[in-house]
Number of protein chains: 2
Amino acid sequence: MDDLETRELRYFVAVAEDLHFGRAADRLGIAQPPLSRAISRLERRLGVQLLDRDRRGVELTDAGRVMLREARAALDAVAAAARRTRRAGNPQPSLVLATKAGASHELLQRLLDAHANEAGAAPIDVLLCEVGEQAGLLRNGRADVAIMHRPFDDLAGFDTEDLYVEGQIALLPAGHPLAARDQLTMADVRDVPDLPIARWPRLDGSYPDGPGPEVHTQSQLAQLVALGKTLLVIPASSRAWQWPDHVAVPVVDAPDVTTVIAWSPSSHSPAIASLVRTAAGLRSTALPAPAG
Amino acid sequence: MDDLETRELRYFVAVAEDLHFGRAADRLGIAQPPLSRAISRLERRLGVQLLDRDRRGVELTDAGRVMLREARAALDAVAAAARRTRRAGNPQPSLVLATKAGASHELLQRLLDAHANEAGAAPIDVLLCEVGEQAGLLRNGRADVAIMHRPFDDLAGFDTEDLYVEGQIALLPAGHPLAARDQLTMADVRDVPDLPIARWPRLDGSYPDGPGPEVHTQSQLAQLVALGKTLLVIPASSRAWQWPDHVAVPVVDAPDVTTVIAWSPSSHSPAIASLVRTAAGLRSTALPAPAG
DNA sequence: ACGCCGTGATACTCGCCAGGTATCAGTCGC
DNA sequence: GCGACTGATACCTGGCGAGTATCACGGCGT
């Protein structure tokens with residue numbers, strides 16, 4: 001059983017994403033014939049057909065879909081190996097912590113302070129990212145550790161330590177009828193005709209149906225909120241979303257949000273262990289009382 | 001940033017394991033000079049020294065230790081991609097379920113029965129393995145799903161669903177003084193001079209200190225228990241360990257054991273989802289009442 | 001001290017295979 | 001039917017991976 005080479009996996013992923021040999025070859029910076037040959041050799045070696053070269057187009061077979069998912073994971077792991085090794089070779093290796101810009105700000109501040117006070121603590125580079133990016137960064141080695149939120153973020157495949165549990169609030173323009181209430185339910189908040197909830201892309205990039213605007217960055221969303229065009233239900237601690245002319249109202253039956261620190265089990269190092277221990281230590285100290 | 005090839009990772013892992021270029025080259029089936037060159041090229045490309053070629057021996061640097069761990073994970077992921085794709089290409093793809101021989105027998109039986117009754121269920125191959133092997137099998141694609149036990153097994157990096165919680169029992173020869181008690185504590189059980197608890201290897205292969213015999217397979221352990229040479233504290237449901245002349249006594253303060261079904265998030269397929277759903281469904285039906 | 005063994009590195013040669021160009025073979029549109 | 005477009009095939013070339021021979025260096029016998 002001769003292993004696959006990462007080149008073959010890269011080639012297959014390119015073709016599977018484009019479903020077009022010519023364009024995939026372009027992206028890869030090679031000519032089309034070598035790509036065709038590489039894919040058919042891959043299929044021959046696996047003894048499995050990965051693509052249906054149905055006239056007028058290429059399609060993935062079931063096995064091809066399996067291969068696409070597995071190949072992406074494998075390529076991430078290889079890339080992570082290279083990146084983490086490079087960083088480990090630095091004279092003073094640092095930890096990269098990924099976090100959603102604006103979320104869990106206070107907790108992060110306290111974590112960084114506490115960590116800096118530890119003797120011999122590795123320096124920490126904070127990598128601010130968009131919603132849902134952290135998992136990918138951890139997987140491909142661009143980050144060592146991430147602050148994430150259950151149940152929003154995809155925690156599959158990571159080790160995690162719970163840091164904080166809180167309820168959620170609805171963020172409303174000050175003048176809105178619902179803003180006068182001192183608490184809301186999800187039923188109140190759904191189907192508010194003048195303030196539809198924004199729709200985020202799913203993992204596959206498609207958008208759920210609904211009346212709200214489609215957004216895919218936090219700044220887009222911030223803009224819409226500031227304009228009073230959308231309604232937001234977010235963890236109580238996400239103060240970055242606070243505007244002077246908006247009001248936060250607790251949503252009593254919204255699911256609790258748990259802030260966690262997550263890392264890839266294959267990169268578990270003493271430096272990460274120390275940071276996680278510091279983070280877990282913050283749990284016992286005072287934080288603003290969780291809502292909900 | 002040109003990626004690493006799996007060949008380079010395999011070579012590095014071989015050298016890092018042997019700490020000897022000649023023997024590693026032998027194992028790899030190549031000559032020593034190409035191996036030396038491959039490693040130094042790898043180091044040059046990463047810009048990081050991985051090995052200290054101190055005369056009279058090769059040693060891993062810190063970065064080398066990082067690389068070793070990451071490279072193993074990456075190679076597992078690549079191997080998993082190949083194996084799972086091959087299996088997905090079969091006309092009637094099956095799921096491979098890994099489980100410790102003898103553990104959770106009744107639950108497994110019920111799971112297989114229930115799954116077989118599902119319409120369109122994939123056939124299941126059961127892969128019986130030794131203690132601690134399941135994680136590796138899931139990681140490198142030899143298995144799709146595993147029955148594992150918290151807190152004994154290494155669940156890092158997997159998705160899991162809890163199936164069953166139970167207490168633990170001590171297994172004693174019928175004539176032993178402790179066998180007359182109707183419950184025990186860990187303090188009772190530790191340091192019983194004539195029945196030291198067997199020692200299992202740690203993840204790195206070394207053994208903890210202690211008076212008990214070293215074991216690394218279940219049959220070794222079974223032999224020792226049958227001879228009355230060692231004492232066992234195991235989940236109550238591990239009936240495979242029951243001998244006619246042995247007695248099970250509950251250990252009231254032993255940590256609860258949770259039986260879980262685990263799978264690799266990168267191989268999450270409809271077939272696995274269906275099996276997991278079936279397994280979770282068993283939770284609500286009658287099982288022997290958990291002890292503790 | 002000397003030579004010997006064992007180690008990893010270097011020098012060179014060779015052959016395979018990745019990759020390029022040119023071309024073929026279907027399929028669709030008009 | 002013709003042209004446009006797609007992926008497959010034929011054939012060639014160059015680079016790199018792998019082999020053999022050898023070097024450089026340290027440890028350790030006697």
If you look only at distance, which donor and acceptor atoms sit under 3.5 Å apart when one is on a side chain in residues 30-39 of chain B and the other is two or more places apart or in another chain?
from	atom 1	to	atom 2	distance (Å)
B/Q32	NE2	B/S36	OG	3.1

### Task
May I ask you to verify whether the side chain of B/R37 and the base of C/dG8 hold a donor-acceptor pair under 3.5 Å?
no

### Query
Once you round it to whole Å, what is the distance between P of C/dG6 and NE2 of B/H20?
10 Å

### Task
Tell me what B/R7 touches on the nucleic acid: a base, only sugar-phosphate, or nothing, going by heavy atoms under 4.0 Å.
sugar-phosphate

### Task
Specify the separation, in whole Å, of atom CG of A/D52 and atom C1' of D/dT6.
16 Å

### Message
What's the closest nucleotide to the side chain of B/R53 if the choices are C/dA9, D/dT6, D/dG17?
### Response
C/dA9

### Task
Pick out which of B/R139, B/M67, B/E17 makes a side chain to side chain contact (heavy atoms under 4.5 Å, CB included) with B/R72.
B/E17

### Message
Expressed as a whole number of angstroms, how long is the span from A/E5:CD to C/dC17:P?
### Response
13 Å

### Query
A/E8 has an atom CD; how far is it from atom P of C/dG19, in whole Å?
10 Å

### Query
For atom CD of B/E59, is the number of surrounding heavy atoms from other residues, nucleotides or ligands below 6.0 Å larger than 12?
no

### Task
List in numerical order all residues of residues 26-36 of chain B for which some heavy atom is under 4.0 Å away from an atom belonging to DNA chain D.
B/G29, B/I30, B/A31, B/P33, B/P34

### Query
Is a side-chain N or O of B/R83 found less than 3.5 angstrom from the main chain of B/N140, in a donor-acceptor match?
yes

### Message
Does anything in residues 119-137 of chain B form a side chain to side chain donor-acceptor pair (under 3.5 Å)? List the pairs, not counting sequence neighbours.
### Response
B/S94-B/D125

### Summary
In whole angstroms, the gap separating P of C/dT7 from CD1 of B/I39 amounts to 17 Å

## Note on the structure
Result for 5'-nearest mapping on DNA chain C, choosing between A/Y11 and B/F21, is B/F21

### Message
Heavy-atom count check: over 12 atoms from other residues, nucleotides or ligands less than 6.0 Å from A/D209 CG?
### Response
no

## Note on the structure
Taken to the nearest whole Å, CG/B/L42 to C1'/C/dG8 is 17 Å

### Task
Among the candidates C/dG8, C/dG19, D/dG7, find the nucleotide nearest to the side-chain atoms of A/V58.
D/dG7

### Task
Write down the distance between CZ (A/R41) and P (D/dA8), rounded to a whole number of angstrom.
14 Å

### Message
Any side-chain to backbone donor/acceptor pair from B/S274 onto B/P270? Under 3.5 Å, distance only.
### Response
no

